[in-house]
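Worksheet: the structure to be examined is printed underneath.
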Protein chains: 2
Amino acid sequence: MPSSRPLRADARRNREALLSAARRAFLDGDTDAHVEDIARRAGVAVGTLYRHFATREALIEEVYRKEVDDLCAAPGDLMDQYPPEEALRRFLLLLVDHAAVGKGMSVALESIMATDSPVFEDARTRMGEALTRLLDAGSAAGTLRGDITGPTLLRALGGVCAMRVSEGWLDEARQITGLLLDGLRHGAPRES
Amino acid sequence: MPSSRPLRADARRNREALLSAARRAFLDGDTDAHVEDIARRAGVAVGTLYRHFATREALIEEVYRKEVDDLCAAPGDLMDQYPPEEALRRFLLLLVDHAAVGKGMSVALESIMATDSPVFEDARTRMGEALTRLLDAGSAAGTLRGDITGPTLLRALGGVCAMRVSEGWLDEARQITGLLLDGLRHGAPRES
DNA sequence: TCCATAAGGTGAGTCCGACTCCGTTTAGGT
DNA sequence: ACCTAAACGGAGTCGGACTCACCTTATGGA
């Protein structure tokens with residue numbers, strides 16, 4: 001079922017064009033661009049759009065997936081280069097900067113964290129695991145507390161990125177990640 | 001302009017019925033209930049609904065306002081009864097529990113934090129000020145760090161409540177508030 | 001090279017839901 | 001009882017996501 005013959009050449013081209021048109025639109029902040037517009041921008045008709053993506057939502061999801069995949073890989077990469085605490089710090093900042101690329105993209109992150117969509121299930125899982133490894137390493141090294149799990153932290157981060165309003169938000173997001181970091185560096189758990 | 005004659009009796013009744021119907025729908029988790037349905041539930045026609053609320057959105061906003069007002073009053077009340085650190089702790093938990101009332105209501109909080117809507121501007125301001133007073137008191141008492149402002153904390157909380165997915169979220173939200181609290185108790189700011 | 005054919009593309013049309021408009025009804029003052 | 005501004009009703013408009021019957025074209029085999 002996964003290999004039902006490799007898309008015809010023109011089909012693949014159009015698919016690509018659609019994704020890129022949609023990405024451009026979202027990066028411009030036009031998060032509720034009309035399907036008609038996206039199709040036109042890609043030089044195809046709506047019918048074609050719907051041949052490739054079951055629904056507007058599905059297209060959006062697909063656009064975000066790559067962005068998300070990159071992000072998911074980051075914790076692992078950083079851990080190879082830095083001690084856990086530093087890797088964590090860098091990852092948090094990376095996340096915030098990533099969200100800053102454009103209003104549109106932060107919506108992506110919000111979606112990952114807050115959507116039931118099975119599409120992001122996998123991304124969420126991988127990222128959760130990566131964070132868990134990171135936290136475990138820190139815990140073993142004695143620089144991070146051990147009672148917070150990867151998935152929990154993931155949610156906290158989703159929250160941080162969800163607040164994309166007004167000018168000051170970038171600085172505020174940075175402050176908050178600093179706050180979380182301090183919380184994580186703090187030794188003993190207390191009854192919440 | 002604010003006092004343009006006190007609504008006719010039937011009008012007030014219907015307005016109330018509409019708000020209550022909408023609230024019921026949202027608490028049931030049916031956050032995208034159709035206006036037609038809400039009107040029917042309230043025993044009026046759509047035209048009536050639109051006489052009272054300019055748009056579907058406006059109705060939703062109105063429904064949430066009360067909820068929000070209660071929440072905004074909380075920090076002040078708690079500060080009268082407890083020392084700052086404890087008041088803060090209780091407020092954070094209150095916030096989480098409030099969001100737990102129903103999926104629908106947590107959307108309200110998310111809106112407050114993430115919407116540009118001027119409607120919530122006021123609520124946001126008041127809550128921000130209340131939190132500032134709380135943080136200042138804690139800072140003066142030496143139990144909370146002084147470099148985080150009310151509005152910043154407000155955003156962090158908005159983030160916490162934005163993650164309303166799957167079973168475990170309540171516990172996770174509690175954990176994260178604990179984390180923030182630890183961060184706030186931590187003394188010195190570090191370069192973020 | 002050329003044909004057969006299935007994969008792909010098209011866009012007018014359907015569907016659905018938010019919102020409008022104007023004729024009808026009624027609260028409440030005299 | 002009567003008047004009228006206020007409120008109500010609900011068929012109709014409008015905009016935007018999605019469909020489908022028909023046309024076009026890539027591609028693989030002769």
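Every value quoted in this text rests on a predicted model; they were computed, and no experiment measured them. Residue numbers start from 1 in every chain, and the chains themselves are labelled A, B, ... in the order their sequence lines are given, proteins ahead of strands.
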Nucleotide-resolved protein contact map, nucleotides 17-23 of chain C, B/S/- at heavy-atom distance under 4.0 Å: SSBB---
Whole angstrom is fine here: how far is it from [atom1] in [X] over to [atom2] in [N]?
{"X": "Leu59(A)", "N": "dC18(D)", "atom1": "CG", "atom2": "C1'", "value": "14 Å"}
{"X": "Arg12(B)", "N": "dT26(C)", "atom1": "CZ", "atom2": "P", "value": "19 Å"}
{"X": "Asp30(A)", "N": "dG16(D)", "atom1": "CG", "atom2": "C1'", "value": "14 Å"}
{"X": "Arg13(B)", "N": "dA27(C)", "atom1": "CZ", "atom2": "P", "value": "8 Å"}
{"X": "Leu18(B)", "N": "dA7(D)", "atom1": "CG", "atom2": "C1'", "value": "13 Å"}

Interatomic spacing from CG in Leu179(B) to CG in Leu180(A) - rounded to 0.5 Å: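 If we round to the nearest 0.5 Å, Leu179(B):CG and Leu180(A):CG are 5.5 Å apart.
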State which residues pass side chain to side chain contact (heavy atoms under 4.5 Å, CB included) with [X]; sequence neighbours excluded, sorted by chain then number.
{"X": "Ser20(B)", "result": "Arg24(B)"}
{"X": "Thr143(B)", "result": "Glu85(B), Ala141(B)"}
{"X": "Arg90(B)", "result": "Leu78(B), Tyr82(B), Glu86(B)"}
{"X": "Arg56(A)", "result": "Asp32(A), Val35(A), Ile60(A)"}

Short side-chain N/O contact from [X] to OP1 or OP2 of [N], under 4.0 Å:
{"X": "Thr48(B)", "N": "dG9(D)", "answer": "yes"}
{"X": "Asn14(B)", "N": "dC8(D)", "answer": "yes"}
{"X": "His52(A)", "N": "dG8(C)", "answer": "no"}

Throw together a table of side-chain donor-acceptor distances under 3.5 angstrom for residues 9-17 of chain A, partners on residues two or more places apart or in other chains.
from	atom 1	to	atom 2	distance (Å)
Asp10(A)	OD1	Arg8(A)	NE	3.3
Asp10(A)	OD2	Arg8(A)	NH2	3.1

Flag side-chain contact, heavy atom, 4.5 Å: Phe53(B) against Val63(B):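 When only atoms from C-beta onward are counted, Val63(B) and Phe53(B) do not touch, as no gap falls below 4.5 Å.
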Taking distance alone, no hydrogens or angles, what donor-acceptor pairs closer than 3.5 Å link side-chain atoms of residues 129-139 of chain A to residues at least two apart or in another chain?
from	atom 1	to	atom 2	distance (Å)
Thr132(A)	OG1	Gly128(A)	O	2.9
Thr132(A)	OG1	Gly150(A)	N	3.3

Report all interatomic pairs (protein N or O, nucleotide N or O of nucleotides 27-29 of chain D) with separations under 3.5 Å.
from	atom 1	to	atom 2	distance (Å)
dT27(D)	OP1	Ala9(A)	N	3.0

Within residues 41-50 of chain A or reaching into it, pairs that qualify as side-chain hydrogen bond (donor to acceptor under 3.5 Å, both in side chains) - sequence neighbours excluded: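 Applying side-chain hydrogen bond (donor to acceptor under 3.5 Å, both in side chains) to every pair that reaches into residues 41-50 of chain A, excluding sequence neighbours, yields nothing.
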